[in-house]
Amino acid sequence: MLNKNQIAQRIAQELQNNWYVNLGIGIPTLVANYIPEGINVEFQSENGVLGMGPFPFEGEEDADLINAGKQTITTMPGAVFFDSATSFAMIRGQHVQLTVLGAMEVSENGDIANWKIPGKMVKGMGGAMDLVASAENIIVAMMHTNKKGESKILKNCTLPLTGVGCVKKVVTNLCVMEIKNGAFYLLERAPDVSIEEIKNATEGKLIVEGDIPEMRL
Amino acid sequence: MINKVVKNATAATHGIEDNMTLMLGGFGLCGIPENCIAELVKKKVMGLTCISNNAGVDDFGIGLMLQQKQVKKMISSYVGENNEFERQMLTGELKVDLIPQGSLAERCRAGGAGIPAFFTPAGYGTEVAEGKEVREFNGKPHILESALTADFAIVKAWKGDKAGNLIYKSTARNFNPMMAMAGKITIAEVEELVSDGELNPNEIHTPGIFVQRIFQGEKYEKRIEQITTRARL
């Protein structure tokens with residue numbers, strides 16, 4: 001079974017050279033720590049920066065330079081700042097090649113729910129709805145089940161939706177799945193996780209074709 | 001050069017009255033008009049509708065206005081990190097309209113650009129789409145979103161001149177340029193009010209035509225919401 005860092009590490013293997021990438025808050029942010037050797041990517045943050053660098057050293061924080069999670073950041077050579085309308089033009093206009101974000105639930109037709117739990121304080125969707133509605137390539141990073149052990153990989157989402165039919169790939173603590181034709185296609189298993197375990201943890205339609213390799217980290 | 005300089009935040013916010021709609025620039029606490037917010041807190045204008053991506057934290061930004069219950073309605077994309085906000089929202093004292101961030105930015109831009117509405121894919125199939133017209137373009141469903149304007153837009157820039165030309169710093173730009181366009185009256189507070197001709201016309205982000213009043217803020221606290229650092233090796 002993967003921990004959060006290993007989920008990020010596996011997603012980082014999907015990065016391709018010279019891609020522009022938007023990373024959501026939580027596990028997705030960790031993907032930046034595992035960029036494969038020889039791959040150059042530029043990170044976009046929807047509050048208005050392309051070419052995000054690592055966190056600053058203590059004492060070098062700049063209040064005017066933050067990411068979408070409101071954390072202090074730095075920039076890389078070639079970075080650029082822009083306003084929020086331009087930022088979402090990049091996103092809606094599909095100029096960003098990959099979006100990685102977290103989810104509370106994902107369904108077999110690619111629906112995603114990640115912004116609201118009825119009865120709990122609603123904080124808002126931020127940029128998530130714009131991101132999922134337009135991105136060509138969305139990878140969801142999430143735990144396969146909730147704390148009670150119930151599946152979050154569902155036939156239909158039960159929570160209010162963030163977007164419909166938009167998720168293409170899901171990387172969980174148990175496996176990598178592709179969503180197509182209204183089903184989850186199992187691509188890889190996490191080390192020491194059996195197909196049986198994945199089946200038991202998946203409520204949505206799971207397709208297992210041929211030999212499913214163990215992922216390499 | 002048209003001179004739009006006013007003396008201070010008091011003069012700049014003159015005419016802001018109860019029950020008006022305001023736009024306030026900023027993302028989190030980054031690039032917010034601190035001096036005007038302090039003035040509105042002092043003036044205690046009530047019943048405001050505030051359009052702003054976020055609602056500040058308990059003791060800074062719009063949070064200061066929430067403490068005095070000056071805000072009737074918030075139009076935002078994300079409002080976490082604020083206990084008083086949560087309390088007022090749950091008791092129904094405060095109305096909240098949550099909008100996808102990109103739609104919020106574009107609705108402000110449209111408001112300033114004379115475009116009454118536009119179609120966007122964001123929010124289709126979600127509760128954001130309820131009651132909105134849906135139309136397919138290139139085989140994909142989109143929802144109709146309307147433009148936003150405000151009685152006053154209050155923005156914060158790094159540098160400005162007396163004509164109201166503005167340059168923002170780093171990610172403190174965020175919603176400020178679109179909101180500057182969408183205010184019936186736009187107030188710009190700047191860290192540095194520079195002398196005539198000092199700004200390079202090639203580098204101006206907001207043309208002064210969008211700004212009606214400008215002043216240099218007395219002081220900027222520039223509070224950081226999430227100080228995040230890495231270790232020196």
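Just so it is clear, the structure is predicted and the values come from calculations on it, not from any experiment. Chain A is the first sequence line, chain B the second, and so forth, proteins listed ahead of strands; every chain is numbered from 1.
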Do the non-hydrogen side-chain atoms of Asp130(A) and Gln101(B) ever get within less than 4.5 Å of each other?
-> yes
Could you look at Glu60(A) and say if it's the side chain, the backbone, both or neither that has a heavy atom under 4.5 Å from chain B?
-> side chain
Pick whichever of Ala89(A), Ala113(A), Ala68(A) has the most heavy-atom pairs under 4.5 Å with chain B.
-> Ala68(A)
Qualifying residue for side chain to side chain contact (heavy atoms under 4.5 Å, CB included) with Thr171(B), from Asp83(A), Asn67(A), Leu65(A) | Leu65(A)
Please determine, among Leu161(A), Thr74(A), Val49(A), Asp64(A), the option with the most heavy-atom pairs under 4.5 Å with chain B.
-> Asp64(A)
Nearest 0.5 Å please: distance from the OG1 atom of Thr126(B) over to the CH2 atom of Trp115(A).
-> 7.0 Å
Pick from Gly126(A), Gly48(A), Ser87(A), Ala85(A): which one has the most heavy-atom pairs with chain B under 4.5 Å?
-> Gly126(A)
Heavy atoms, side chains only, cut-off 4.5 Å: are Glu225(B) and Ile66(A) in contact?
-> no
Taking Ile73(A), Val122(A), Val132(A) one by one, which has the highest count of heavy-atom pairs under 4.5 Å against chain B?
-> Val122(A)
Indicate yes or no: does Glu61(A) engage Lys222(B) in a salt bridge with an N to O separation below 4.0 Å.
-> no
Highest number of heavy-atom pairs under 4.5 Å with chain A: which of Arg109(B), Glu106(B), Glu127(B)?
-> Glu127(B)
For Ala133(A) and Lys140(B), work out which heavy atoms get closest and say how close.
-> O-NZ, 2.5 Å
